[in-house]
Amino acid sequence: MSAAEKRQNMTGNQAKTNHPGARKKERLDSPNTRAGGDAKEGWAWKKKTDQAKKMEILREIDQLQKKITNLDREKSTHLYNKRSDFRKEFCVLEEHELKLLSERKQEKTKLKQQLGKMHSNVKHFQRELQNVKPTPEFVEKLKELMEDIESQLNEFKTQQRQIYEELMKEEHILNQEINTLEKRIDSWAQAPPISIETKATKSKPVASSARNIMADLPPDVAAFERFVEQTGGPRGGWDEYDHGTFLRIRNKHKGKATFLDEATNSLPGRTITDVNAHEAWYQEYTSLQEKKKDAIMKWRAIKEVEKGSSLEQAEQTAEEEARLREKKAEAKARQLEKEKQERYERLSAWKVQKELEKAQEEERREQEEARKAREYEKEMQRKMQVKAKAIEYAKLKKEDEEFQQMEALSRQEVELEEKKQARRQEVARFQERDQRKLQEKKAREQAKEEARKEQAKRLQRLKGKVEVQVERDPSRLYRLTEGWKERKKDDASSSGPVINMPRRAVPSWRTGL
């Protein structure tokens, strides 16, 4: 097979390969193309699902925004109305709400700035991925961008998690205070009605009998009863729940001063001053109660000496009353213990519920992270496929350019060979023409030589026939010839001597012939 046939076959095969339809068919039949189509369908389905979730979240946010607007309207109408009778009391709440609203706006602005910064970094990373360069510097740059974005996301998540944990703790404390206030209000509602005696309803005989009774009692007992009556009863003016909580915490700390802070935190609506005053009242109350017991014991001893039977009866009555009081105290203690157990059970149930919610949230977060990891892996696979296609396309393009260069080079060689062949033919034609002309010139010269010889022969024959006798004249050698005379005439008549005569150019290859 000749070189021209080989080049023709190579050109035909390359034309088949470079045909757009053939390339498109190869791309469609390749496994990477089929995998890319499946990935594209999965990506479209995921995008559709995310869009539906996004629309659902936006609808829920819109509904919540409407509820917030309605609640704000009702609040402004009922609480913050300037015509309200409790305007002064609610001014504190309004100021606190405005402060919280300002803090929320500041936090919202800060969150927007952080999210905007992360969004710009992600967009920059996406733009970098669109112009993939298979160089180590580019890969290192992408790695640094990814690490920067990941560190920003982790820092943002950690910060938000800490904020949410603090808010949950505050919510728990507020729920406890609300429950305590609800119980206190319920105890107020269940308490018996207090009868207020006016001056008109007070009867003088009753007051007289009360003074007689107080006069008959021992001084310590009378002082105790008077103290109880003047300070608001056996609980010092406090309700049963608050006083029971105070005693429980005081007994827990065994009467030490460290219980005051805990009692203040456990009694909403009571300040540290109230708790200190109640502690002073309780100490006075216990001191007078001890004195009362001692007085009763002394009174019993005296009565035993004076009146045995009546003392025994009074003692039995006092013991009965003491037993009744002890039973009442035990009942109250059991009630307090029962309430404490109920609170503990509710708190345990709440803790279990929170732990369950936390576990569910953790599981959901892990699933979300796994889903994001799968999506990231799919995206990296897609990018690797795109990169492989780009490399393959670049390789095909390079091969095509190389083939075109080879084809152009072969065409140049063929053209150069044709030109050389034409030049050789021209050289041969010129050589043949010159050879022919040279032969013709030699023939002419030979003819001239033969004619000269023939002429010389004729002259010789003529000389033989005619003999000329001429005298010898040496001066004739110095005289001008007729030709030289004519030349001098021509030089005098012309402008100057002819320096250069035009001649026909002689080729270099004919020089010396």
Side-chain angles (χ1 to χ4, degrees), residues 36 39-69 99-171 354 357-390:
K40 187 180 290 183
E41 291 178 359
W43 181 259
W45 178 81
K46 176 181 175 297
K47 186 175 181 182
K48 187 176 180 181
T49 307
D50 293 341
Q51 190 70 20
K53 291 181 180 179
K54 184 177 180 182
M55 294 299 295
E56 184 68 24
I57 292 172
L58 289 175
R59 281 196 296 269
E60 186 176 355
I61 290 173
D62 189 24
Q63 293 177 1
L64 292 174
Q65 190 67 34
K66 290 179 180 178
K67 289 181 180 180
I68 290 171
T69 304
K99 181 180 177 182
L100 293 177
L101 184 61
S102 176
E103 291 178 356
R104 283 200 302 271
K105 287 182 180 179
Q106 292 177 1
E107 186 176 0
K108 185 177 180 180
T109 305
K110 185 177 179 181
L111 287 175
K112 282 185 177 180
Q113 291 176 356
Q114 291 179 352
L115 293 175
K117 184 178 180 181
M118 288 188 289
H119 182 70
S120 63
N121 291 336
V122 173
K123 285 293 184 183
H124 178 62
F125 182 71
Q126 290 177 353
R127 287 195 300 271
E128 291 292 336
L129 287 179
Q130 291 177 0
N131 300 322
V132 179
K133 298 177 183 178
T135 58
E137 293 81 5
F138 185 77
V139 174
E140 187 66 24
K141 182 179 179 182
L142 291 180
K143 185 178 179 182
E144 291 178 357
L145 286 175
M146 290 174 61
E147 291 177 353
D148 189 13
I149 294 171
E150 186 177 3
S151 63
Q152 288 181 358
L153 289 173
N154 292 331
E155 183 179 358
F156 180 75
K157 288 180 180 179
T158 304
Q159 183 180 2
Q160 294 301 314
R161 187 182 296 110
Q162 292 176 356
I163 293 172
Y164 289 143
E165 287 178 356
E166 291 178 358
L167 290 175
M168 288 178 65
K169 291 179 181 179
E170 292 180 1
E171 182 184 6
K354 287 297 181 182
E357 292 177 357
K358 185 177 180 181
Q360 292 176 354
E361 181 68 21
E362 186 70 20
E363 183 178 0
R364 186 190 64 78
R365 186 177 63 79
E366 291 177 356
Q367 292 177 357
E368 184 70 18
E369 290 179 355
R371 183 184 64 80
K372 289 181 179 179
R374 290 194 299 270
E375 291 177 357
Y376 176 75
E377 186 176 358
K378 290 181 180 179
E379 183 67 16
M380 292 303 294
Q381 290 179 357
R382 183 186 69 80
K383 290 176 182 177
M384 292 298 293
Q385 291 175 0
V386 172
K387 184 178 178 181
K389 289 181 181 178

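- More than 12 non-hydrogen atoms from other residues, nucleotides or ligands lie less than 6.0 angstrom from CD of Q159.
- Heavy-atom contacts from other residues, nucleotides or ligands closer than 6.0 Å to NZ of K112 number 12 or fewer.
- For I57, the side-chain contact (heavy atoms from CB on, under 4.5 Å) partners two or more places apart in sequence, or in a different chain, are I61.
- Evaluation of the side-chain hydrogen bond (donor to acceptor under 3.5 Å, both in side chains) rule for E362 yields R365 as partners, not counting sequence neighbours.
- Residues forming a salt bridge (Lys or Arg N to Asp or Glu O under 4.0 Å) with R374 (at least two apart in sequence, or on another chain): none.
- Taken to the nearest 0.5 Å, the CD atom of E107 stands 10.0 Å off from the OG1 atom of T109.
- Checked against side-chain hydrogen bond (donor to acceptor under 3.5 Å, both in side chains), R59 has the following partners two or more places apart in sequence or in another chain: E56.
- With sequence neighbours excluded, the residues satisfying salt bridge (Lys or Arg N to Asp or Glu O under 4.0 Å) with E357 are K354.
- In this view, Q160 satisfies the side-chain hydrogen bond (donor to acceptor under 3.5 Å, both in side chains) rule with no residue, not counting sequence neighbours.
- The salt bridge (Lys or Arg N to Asp or Glu O under 4.0 Å) search around E361 returns R364, not counting sequence neighbours.
- The side-chain contact (heavy atoms from CB on, under 4.5 Å) check on S102 picks up Q106, with sequence neighbours excluded.
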Check residues 135-151 and write down every donor-acceptor pair under 3.5 Å in which the side-chain atom is one partner and the other belongs to a residue at least two apart or another chain.
residue: T135; atom: OG1; partner: F138; partner atom: N; Å: 3.3
residue: K141; atom: NZ; partner: E128; partner atom: OE2; Å: 3.4
residue: S151; atom: OG; partner: E147; partner atom: O; Å: 3.2
residue: S151; atom: OG; partner: D148; partner atom: O; Å: 2.7

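- Atom CD of E375 and atom NZ of K378 lie 7.5 Å apart (nearest 0.5 Å).
- The side-chain contact (heavy atoms from CB on, under 4.5 Å) test applied to Q63 returns no partner, not counting sequence neighbours.
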Just list the side-chain donor-acceptor pairs under 3.5 Å for residues 114-125, sequence neighbours left out, or say none.
residue: S120; atom: OG; partner: G116; partner atom: O; Å: 3.3
residue: S120; atom: OG; partner: K117; partner atom: O; Å: 2.6
residue: N121; atom: ND2; partner: K117; partner atom: O; Å: 3.3
residue: N121; atom: ND2; partner: Q152; partner atom: OE1; Å: 2.8

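- The side-chain hydrogen bond (donor to acceptor under 3.5 Å, both in side chains) search around D50 returns K46, not counting sequence neighbours.
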